[in-house]
There are 2 protein chains.
Amino acid sequence: MDPVPMLLAMTYRAMGDQFHDRLRQIGLEPLRPAHGYVFRFLKARRATTVDIGQHLGVTKQAAAKIVAELDEWGYVLREPHPTDKRAQYVTLTTKGRDYLKFADNLWSDLEGEMAEAIGQDTFDTIKAGLAAYLQHVHGEDQPGLRPVW
Amino acid sequence: MDPVPMLLAMTYRAMGDQFHDRLRQIGLEPLRPAHGYVFRFLKARRATTVDIGQHLGVTKQAAAKIVAELDEWGYVLREPHPTDKRAQYVTLTTKGRDYLKFADNLWSDLEGEMAEAIGQDTFDTIKAGLAAYLQHVHGEDQPGLRPVW
DNA sequence: TATGGTTGGACAACCTGGTTGACTACTTTG
DNA sequence: CAAAGTAGTCAACCAGGTTGTCCAACCATA
């Protein structure tokens with residue numbers, strides 16, 4: 001039997017490919033995973049480019065490129081920070097929120113299909129088990145590990 | 001709760017980081033995941049560069065680069081194909097087999113720690129569940145999806 | 001058995017998503 | 001109020017892939 005990380009990677013790819021294909025079928029431009037992470041992050045909080053880089057675990061320069069793309073495509077916009085003249089808050093536009101909502105629905109469809117294929121109990125155990133493991137290794141704090149230069 | 005693919009990715013990264021760190025601690029050069037895939041593939045069969053690319057899901061050119069590295073570092077060697085003068089079989093050296101053995105032990109250590117953290121039953125269910133899901137989406141054949149130009 | 005299509009491998013140019021490094025403008029702190 | 005730290009940008013570079021092209025060898029078939 002393959003070691004768990006290989007199973008994780010293969011499952012991730014299998015689900016990701018399906019996600020991608022269905023977005024394309026519907027004619028929605030398939031953004032990259034990092035964009036999804038950003039949307040999900042911005043949904044819950046106001047954040048600067050540096051915050052986003054921190055969360056993604058990449059440098060602020062890399063984060064800036066991603067934000068610039070999303071801005072250009074109309075998914076986010078940058079507004080001046082109320083108190084810090086250097087900084088900008090990045091916020092989701094309506095287009096961004098709609099995309100996220102759509103993607104979330106699609107993810108739950110795919111999760112549903114997975115649950116159907118392997119059994120709801122098994123599915124639930126997987127989800128809870130992985131979450132518990134992450135809790136165990138990371139404690140409370142989110143992954144963002146690497147320094148943000 | 002995060003959608004399953006995010007959990008998969010985060011767990012993958014968490015385990016991978018630990019794997020990487022421990023290899024470094026021991027002073028073994030940490031190869032990239034792709035190299036591990038190649039070792040595991042070569043353990044079971046004799047294969048050409050094209051076969052490897054097929055299995056990794058990358059172009060034969062990309063596969064050739066990886067094989068060239070592994071050759072240079074002494075983990076594999078290329079021998080003439082017995083019947084096809086164009087082709088070469090790529091085979092693991094002793095160094096390659098030792099590395100794989102060591103890595104496999106490390107993986108099972110990490111799996112053991114995961115099982116301890118979340119419970120053996122849960123761990124077993126995750127492993128079997130993911131395997132079942134992959135079986136369901138891919139059928140018998142391994143992932144190698146993209147065309148090998 | 002000659003021939004035309006296919007395949008393994010190599011070389012080169014290029015693309016993408018990241019990195020480091022340096023710099024400016026602003027903020028925070030001692 | 002000076003010194004250290006931080007948000008953001010620009011630019012150069014790097015790694016790991018991609019296309020595109022080619023040659024030599026293979027294979028099917030007429």
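Quick note on labels: first sequence line is chain A, next is B, and so on, each numbered from 1. Computed from a prediction, not measured in an experiment: that's the story for all the values here.
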*Asks:* Which word best sums up how the rings of A:W107 and A:F19 line up, parallel for under 30°, tilted for 30 to 60°, or perpendicular for over 60°?
*Replies:* parallel
*Asks:* By nearest atom, which of the nucleotides C:dG9, D:dA7, D:dT9 is closest to the A:Q88 side chain?
*Replies:* D:dT9
*Asks:* Looking at A:E111 and A:K127, is any side-chain nitrogen of the basic one under 4.0 Å from a carboxylate oxygen of the acidic one?
*Replies:* yes
*Asks:* Can you pull out the residues from residues 67-81 of chain A that lie within a 4.0 Å heavy-atom distance of DNA chain C?
*Replies:* none
*Asks:* Please answer whether the main-chain N or O of A:G74 pairs with a side-chain N or O of A:T93 as donor and acceptor at a distance below 3.5 Å.
*Replies:* yes
*Asks:* Which atoms of nucleotides 22-27 of chain D (N or O only) lie under 3.5 Å from a protein N or O atom, and what are those distances?
*Replies:*
{"residue": "D:dC26", "atom": "OP1", "partner": "B:T83", "partner atom": "O", "Å": "3.3"}
{"residue": "D:dC26", "atom": "OP1", "partner": "B:K85", "partner atom": "N", "Å": "2.4"}

*Asks:* Specify the residue among A:A62 and B:D51 whose closest nucleotide of DNA chain C lies further upstream toward the 5′ end.
*Replies:* B:D51
*Asks:* Expressed as a whole number of angstroms, how long is the span from B:I66:CD1 to D:dG17:C1'?
*Replies:* 9 Å
*Asks:* Rounded to the nearest Å, what distance is computed from the CD atom of residue B:Q54 to the C1' atom of nucleotide C:dG9?
*Replies:* 16 Å
*Asks:* Looking at A:T59, I'd like to know whether one of its side-chain N or O atoms comes within less than 4.0 Å of OP1 or OP2 on C:dG18.
*Replies:* no
*Asks:* Regarding A:A87, tell me which of base, sugar-phosphate or nothing describes its non-hydrogen contacts under 4.0 Å with the strands shown.
*Replies:* sugar-phosphate
*Asks:* Rounded to whole angstrom units, what separation is found between the CG atom of A:L31 and the P atom of C:dT16?
*Replies:* 16 Å
*Asks:* Are any of the side-chain heavy atoms of A:Y75 and A:L92 separated by less than 4.5 Å?
*Replies:* no
*Asks:* Rounding to an integer number of Å, can you tell me how far A:K65 NZ sits from D:dA12 P?
*Replies:* 13 Å
*Asks:* Starting from P on D:dA15, measure out to NE2 on B:H35 and report it in whole angstrom.
*Replies:* 13 Å
*Asks:* Ignoring hydrogens and angles, tell me if any N or O in the side chain of B:K95 forms a donor-acceptor pair with the backbone of B:W73 under 3.5 Å.
*Replies:* yes
*Asks:* Under the ring-ring contact (aromatic ring centres under 6.0 Å, His included) test, which residues partner A:H20, sequence neighbours left out?
*Replies:* none
*Asks:* Could B:R78 and B:E72 be called an ion pair, given the rule that one side-chain N must be under 4.0 Å from one carboxylate O?
*Replies:* no
*Asks:* So, under a plain 3.5 Å distance rule, would you say the side chain of B:Q61 forms a donor-acceptor pair with the base of D:dG20?
*Replies:* yes
*Asks:* Run the salt-bridge test on A:R40 and B:D2 with the 4.0 Å N-O cut-off and return the result as yes or no.
*Replies:* no
*Asks:* Less than 4.5 Å apart, any side-chain heavy atom of A:D17 and any of A:Y12?
*Replies:* no
